[in-house]
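I have placed the structure first, in the form of structure tokens, so that the comments after it can refer back to it.
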There are 2 protein chains.
Amino acid sequence: MLRRPTIKDVAQRAGCGIATVSRVLNGQGSSSEQTRSKVLAAAEALGFEFNDLGRSLQSNSTRTIGCIVPSLANPVFAEVVQAAQAEANRAGYQLILACSDYDGGLETKAIRTLLAKQVDGLIVTVGDARTSEGLELIRAKRTPCCLVYNTPPDNGPGDGFAAWTVDNRGAADAVAEGFARQGHSCTGFLALEFGRSDRSRERYEGFVAACARLGMAHPVLLEIEEQEGRLLQLLGAMLAEHRGITGIFASNDYLALAAMKAARDLGMQVPADLSIVGFDGISTGLMVEPNLSTVVTDPKAMGRGAAQTVLARLAGLEPPGRPDPAHTFSFRQGGSLGPPSAGKSDGGEAATSPPSNQ
Amino acid sequence: MLRRPTIKDVAQRAGCGIATVSRVLNGQGSSSEQTRSKVLAAAEALGFEFNDLGRSLQSNSTRTIGCIVPSLANPVFAEVVQAAQAEANRAGYQLILACSDYDGGLETKAIRTLLAKQVDGLIVTVGDARTSEGLELIRAKRTPCCLVYNTPPDNGPGDGFAAWTVDNRGAADAVAEGFARQGHSCTGFLALEFGRSDRSRERYEGFVAACARLGMAHPVLLEIEEQEGRLLQLLGAMLAEHRGITGIFASNDYLALAAMKAARDLGMQVPADLSIVGFDGISTGLMVEPNLSTVVTDPKAMGRGAAQTVLARLAGLEPPGRPDPAHTFSFRQGGSLGPPSAGKSDGGEAATSPPSNQ
DNA sequence: AGCCGCTTTGGAAACGTTTCCAATTTTGAT
DNA sequence: ATCAAAATTGGAAACGTTTCCAAAGCGGCT
């Protein structure tokens, strides 16, 4: 009595064929009242539950959607996953999750594994949509897929993929304008794992372009490597090295918050000595003093949208329309962005407009 | 050319039997150099990849572990999942994730679905281990399972399950001592979705017992329902209603942080007018001013431990030893816990001193 | 040449399900 | 009663894989 009962066991106990059991238990085809009750009784008595493997093998569909994100430590992705899952469940699909840990090798491996498991669709955030091997695999297998927080490039593996994403360049532009409005000219861009996230790269490029457009100095790229622990010291060293910087644009809110803490620990005032702007709009940003200025995005909407896109494709329907890029983000002015204090506000190209208010 | 190539196609192209292809591609059994290269060439040419469904059906193992947590919005569970996933991957297993959204019905459904998918093992945090239907299903199917953050009861569905958990009562005791040491006597316990989390209940019960032991007043239970939005107002109303309270123990850090913000918005000083202690030790707690006093737990260790326990059972090995309950948490004294200000510090039964300030 | 033992090979069964189809039973109308 | 139509039923194939087992190939030994 170790083995789980199969449909055969039910058939035997009910004294009928397996086809009949299948029909009764799935409520399809016709069956007499008498057989129906016998089958039901047998299934009940044995505690029978279907085995999805046989089912999926036969039906060529697993009612399963794979989802790959860099990490759940970032609440943005946690929300994406949560929303995608809710949406998938509503449609009777299950989500299989994998995290790539910002590692291209793991990313590829995860995609390969999920494809082997015959997921019906995929929702994916890759490190770099221009070079991802995993996307090649997905394309080769023609599995419906939607990118999240990645911009599909014009060529390369990601070309032609559906995507729900944020207008990183536009958002970076808004941030630059925010800095300019407060009278900043000399800024830095803070990124973690810069090479492993095309989002980060796009934000940086957009910021660089916007700074140029606004006559601000070319932003200093502050790239740090490690995640745990030493972040504070690294940041301290960088701020010490680049004294002229009056504002920092961090590629995500976690970094921005860490930078705020580091600045405080270094005896600097935010925003008087150093303004900080983040990206994502995680809720923690609203809990700190001063509030974090940031680019607010809607990860739930992204996850939901991506899921709907994949599900629509699976159902043969029209995918939902995607939002106007300009509405994929909003700049939230918080207390962490203010005019640079007199002592620090330096020349640069923007010296013409001194801070005026507040 | 729509259909994905199967092992049969490879066999045909290589001019051999499917058994041979299976052996070559899996590197098992013997095969001549000549056949090997022909098979490899054919597989390569066709872009063949194994279909895990057939494989799993045959081998009666999916190399898949199911994981169910209430929500990913809580970073504690995000970390649990992350750690469990890393551990599972190391052992060649894949994690299938489902979130129950703190809903018993969804929880049962998710467990049923994962069992139907023939997961080899399960890592689960249920709402209430004493009554969970899902645990019954798992038990009936004899699927190896480890609880996380649940205490297996002496009877009921969870009885006898392995578990990696925190000593909630012990931790609540430490919190009560923390309050007592600072001179608090009249406290409140703040819980969200109280009935849906046996962790919350244990913390409350432990806190009640400890308060009694320490001669403090019976804590007021502040239970709020909604998650989004109105939390601030609700909290405000409660604090206004229970003026005598000088300290709040929140059942998790999110609530604690929200409470801190609410207190501030109400013009109260933390900790002078109101001390706040949380539970979990999420990193955000260290970023706010003042620091959040909290019970620090190690969700990564829990996730890792639970995964190891399940994996060991699958491999027929001894499960790893579980930590001494006393070491499953540590009380972190932060700035949000201090002595009550003179005006508010009241005596004994709390009714004796009417609210005085603000 | 004959035989033994080793390597290599492929047919076939099995895993649990759905579904086609043909066979059987029931129903209803004459 | 008879017959056609409709309802019910179960055998068998199919999904893609692994593995058992018997057969075939082959080298070297007497």
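Proteins come first, then strands; the chains are lettered A, B, ... in the order of their sequence lines, and each starts at number 1.
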*Any pair counted as side-chain hydrogen bond (donor to acceptor under 3.5 Å, both in side chains), so long as it reaches residues 39-56 of chain B, sequence neighbours left out*: A:Arg112-B:Glu49, B:Asn26-B:Arg55
Need one value for [X]: base, sugar-phosphate or nothing, where a base atom within 4.0 Å counts as base even if backbone is also close, heavy atoms only.
X	answer
A:Asn26	sugar-phosphate
B:Thr35	sugar-phosphate
B:Ser30	base
B:Asn60	nothing

_I need a per-nucleotide contact map over nucleotides 22-28 of chain C, read 5' to 3'. Cutoff is protein heavy atoms under 4.0 Å; write B for the base, S for backbone only, - otherwise._
-------
*Go through D:dT9, D:dC20, C:dG16 for me and flag the one nearest to the A:Arg23 side chain.*
D:dT9
_Can a side-chain donor-acceptor contact be found between A:Ser31 and A:Arg23 if the only test is distance below 3.5 angstrom?_
no
_Please enumerate all residues that pass salt bridge (charged side-chain N to carboxylate O under 4.0 Å, His left out) together with B:Arg201, with sequence neighbours excluded._
B:Asp128, B:Glu205
*Gap between atom CG of B:Asp154 and atom CZ of B:Arg130 - 0.5 Å precision*: 11.5 Å
*Find out whether the Lys NZ or Arg CZ of A:Arg63 is both under 6.0 angstrom from the six-membered ring centre of A:Tyr93 and within 45° of the ring's axis.*
yes
*For A:Tyr102, is the NZ or CZ atom of A:Arg196 found under 6.0 angstrom from the centre of its six-membered ring and inside 45 degrees of the ring axis?*
no
Under 4.0 Å between a side-chain N or O of [X] and OP1 or OP2 of [N]?
X	N	answer
B:Arg55	D:dT18	yes
A:Ser32	D:dT9	yes
A:Gln28	C:dT19	yes

*side chain to side chain donor-acceptor pair (under 3.5 Å) between B:Thr64 and A:Lys117, worked out*: CA-CA 10 Å; B:Thr64 272; A:Lys117 286 208 181 302; 3.2 Å; yes
*Can you sort out which residues in residues 11-22 of chain B have a heavy atom within less than 4.0 Å of DNA chain D? Ascending by number, please.*
B:Ile18, B:Ala19, B:Ser22
*asked:* Per the ring pair (Phe, Tyr, Trp, His ring centres under 6.0 Å) rule, what does the pair list look like for residues 25-65 of chain A, sequence neighbours excluded?
replied: A:Phe48-A:Phe50
*Note the angle between the end axes of the helix from C:dA1-D:dT30 to C:dT30-D:dA1, five pairs defining each, rounded to 10 degrees.*
60°
